[in-house]
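Shown below is the structure under consideration.
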Amino acid sequence: MKIKAYAKINLSLDVTGRREDGFHTLDTVMQSVTLYDEVELKREKEPGVRLRCSKDYLPTDKRNTAYRAAQFFLEHCGITEEGVSLSIRKRIPSRAGMGGGSADAAAVLLGLDQLFETHLGLPALMELGARVGADVPFCVHGGTCRCTGIGEVVEPVAPMPHCYLAICKPPAGMSTPRAYALLDDYPQTRNFGTPRMLSALEKGDLGRVAATLSNRFDETMRLTQVRQIKRMMLAAGALGAMMTGSGSAVYGLFDTKEKAENCLGVLEGRGKLYLCSPCAGGAEPLE
């Protein structure tokens, strides 16, 4: 079985506080996009989990979210006499804020539920996903959702209008812990963007959605390459441009494919480039 594991972007991202355990609380609107990793799953007679990945620098043991997702699934379902082999072909860039590892874990949970005919359903799979990582429940659900808590509380909202996204992942980046550390040193804003984004989505107006993009990390990190890419996207006709997650991938929203492709041409040499669109799910079979 082969599955497309879709990446995500943040249309808005507010950091609303910090819990006693050190985790930050969020209020964010996430959107699945058609850039995907390819995840292949096979039932095996030998118990346990085996994982291969197209990128040598990524771990293939318990440090990998897809591996842990498979472990949790087998344990939860009491499957001890069989195992699973996983193979991941990476397309979603790493350390980009696009949820590549979370998408892979979600695809594994959804795929194994079909492969072993366990019929757990989305709520149970999302609960399992929360044990792997905060973004995994959203990636299991997919589409357009408001995510709160540390990101694990998922609520579907009005869908994003159809459009095209030009995405650029520049060489510059920052670890998530460092990004949060910078955030803690930056004065908290009360001007949260998520309520405005929800209103824009309800109206179904792409221009309004583009004008309402926001990201607290984009405010605090101020990466030079990110700023340059955003300016270039807007100059190329993007309705709006924003960094996603804690970065450093930047996306621009376009009303036509031609404009998005033209923007990618302008950005040649600035980083890894991708063309995609919003989609309604977190994963689907690869035909």
Side-chain angles (χ1 to χ4, degrees), residues 1-8 30 32-96 98-143 145 147 150-154 156 176 274 276 279-287:
M1 172 185 290
K2 291 184 179 181
I3 296 179
K4 294 179 181 179
Y6 289 123
K8 64 85 177 171
M30 295 192 196
S32 302
V33 296
T34 54
L35 173 62
Y36 64 90
D37 287 345
E38 183 180 313
V39 180
E40 184 173 7
L41 309 94
K42 293 180 181 178
R43 290 173 70 159
E44 300 288 355
K45 293 181 179 179
E46 184 179 345
V49 179
R50 285 157 292 283
L51 171 64
R52 293 181 300 165
C53 184
S54 63
K55 300 295 185 183
D56 293 338
Y57 59 82
L58 293 176
T60 55
D61 54 19
K62 292 180 181 179
R63 295 169 294 169
N64 188 291
T65 53
Y67 186 104
R68 292 203 307 277
Q71 273 194 322
F72 289 148
F73 178 89
L74 295 175
E75 291 170 4
H76 178 79
C77 295
I79 299 170
T80 57
E81 297 184 358
E82 287 185 87
V84 62
S85 62
L86 311 172
S87 179
I88 300 176
R89 184 179 177 188
K90 293 294 294 182
R91 293 188 178 91
I92 304 169
S94 301
R95 297 182 72 170
M98 299 193 70
S102 297
D104 297 341
V108 166
L109 293 172
L110 289 161
L112 292 181
D113 191 42
Q114 294 182 47
L115 205 59
F116 286 94
E117 299 180 341
T118 43
H119 307 294
L120 295 182
L122 278 184
L125 293 173
M126 291 166 69
E127 189 173 333
L128 270 177
R131 296 174 59 190
V132 183
D135 287 349
V136 180
F138 166 75
C139 291
V140 169
H141 189 285
C145 295
C147 302
I150 59 171
E152 87 287 9
V153 181
V154 179
T176 300
Y274 309 91
C276 58
C279 58
E284 67 177 353
L286 180 66
E287 296 177 357

Take atom CZ of R52 as the centre, draw a 6.0 Å sphere, and report whether it contains more than 12 heavy atoms from other residues, nucleotides or ligands.
-> no

Considering all heavy atoms, the nearest C279-T34 contact =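 For C279 versus T34, the nearest heavy atoms are CB-CG2, 3.8 Å.
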
M30 vs C145 side-chain heavy atoms within contact, under 4.5 Å =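 No, too far: nothing below the 4.5 Å cut-off.
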
Looking at E46, E44, E40, which hits side chain to side chain donor-acceptor pair (under 3.5 Å) with S85?
->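 The single option meeting the side chain to side chain donor-acceptor pair (under 3.5 Å) with S85 is E44.
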
Minimum heavy-atom distance between S94 and Y57, given as atom pair plus value =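 Taking S94 first and Y57 second, the nearest heavy atoms are OG-OH, 3.5 Å.
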
Can you tell me how far the CG atom of L286 sits from the CD atom of E38, to the nearest 0.5 Å?
->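 The CD atom of E38 is 5.0 Å from CG of L286, to the nearest 0.5 Å.
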
Would you call P93 and L35 a side-chain contact if the rule is heavy atoms closer than 4.5 Å?
-> yes

V153: side-chain contact (heavy atoms from CB on, under 4.5 Å) partners, not counting sequence neighbours |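 Once residues adjacent in sequence are excluded, the partners of V153 under the side-chain contact (heavy atoms from CB on, under 4.5 Å) criterion are T148.
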
Any idea which heavy atoms bring C53 and L58 closest together, and the distance?
-> SG-CD1, 3.8 Å

Residue list, side chain to side chain donor-acceptor pair (under 3.5 Å) with D104, at least two apart or on another chain |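 Once residues adjacent in sequence are excluded, the partners of D104 under the side chain to side chain donor-acceptor pair (under 3.5 Å) criterion are K90.
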
With sequence neighbours excluded, tell me which residues meet side chain to side chain donor-acceptor pair (under 3.5 Å) with R131.
->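 In terms of side chain to side chain donor-acceptor pair (under 3.5 Å), with neighbours along the sequence ignored, R131 is linked to no residue.
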
Is there a donor-acceptor pair closer than 3.5 Å between any side-chain N or O of D37 and the backbone N or O of A5?
->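 Side chain of D37 to backbone of A5: no pair is present.
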
With sequence neighbours excluded, what pairs up with E284 under the side chain to side chain donor-acceptor pair (under 3.5 Å) test?
->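 Testing E284 for side chain to side chain donor-acceptor pair (under 3.5 Å), a comparison that skips the adjacent residues, returns Y6.
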
Roughly how far, to the nearest 0.5 Å, is the CG atom of D61 from the OH atom of Y67?
->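 Output value for this atom pair is 7.0 Å.
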
Between T65 and G101, is there a donor-acceptor pair closer than 3.5 Å when you use the side chain of the first and the backbone of the second?
->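 Yes, the answer is positive, given that a donor and an acceptor are paired below the 3.5 Å cut-off.
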
Hey, are the side chains of I3 and Y36 touching, using non-hydrogen atoms and a 4.5 Å cut-off?
-> no

Nearest atoms (heavy-atom pairs only) where C139 meets A103 = SG-N, 3.8 Å

Can you find a heavy atom in the side chain of N64 that is under 4.5 Å from one in the side chain of L51?
->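 The answer is yes, as the side chains (C-beta and beyond) meet within the 4.5 Å cut-off.
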
Return yes when atom CZ of R91 has more than 12 non-hydrogen atoms of other residues, nucleotides or ligands closer than 6.0 Å, and no otherwise.
-> yes

Mind checking the CD1-CZ spacing from I79 to F73? Nearest 0.5 Å is all I need.
->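 Answer rounded to 0.5 Å: 5.0 Å.
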
Does E75 have any side chain to side chain donor-acceptor pair (under 3.5 Å) partners at least two apart in sequence or in another chain, and if so, which?
-> none

To the nearest 0.5 Å, tell me how far H141 NE2 sits from L125 CG.
->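 Answer rounded to 0.5 Å: 12.0 Å.
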
Could you give the distance from CD1 (I88) to NZ (K55), rounded to the nearest 0.5 Å?
->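 Reported to 0.5 Å precision, the distance equals 13.0 Å.
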
Can you check whether V132's main-chain N or O pairs, donor with acceptor, with R68's side chain at less than 3.5 Å?
-> yes

Show me, pair by pair, the donor-acceptor contacts under 3.5 angstrom made by side chains of residues 105-121, not counting sequence neighbours?
residue, atom, partner, partner atom, Å
D113, OD1, T118, OG1, 2.5
D113, OD1, H119, N, 3.0
D113, OD1, L120, N, 2.9
D113, OD2, L120, N, 3.4
T118, OG1, D113, O, 3.4

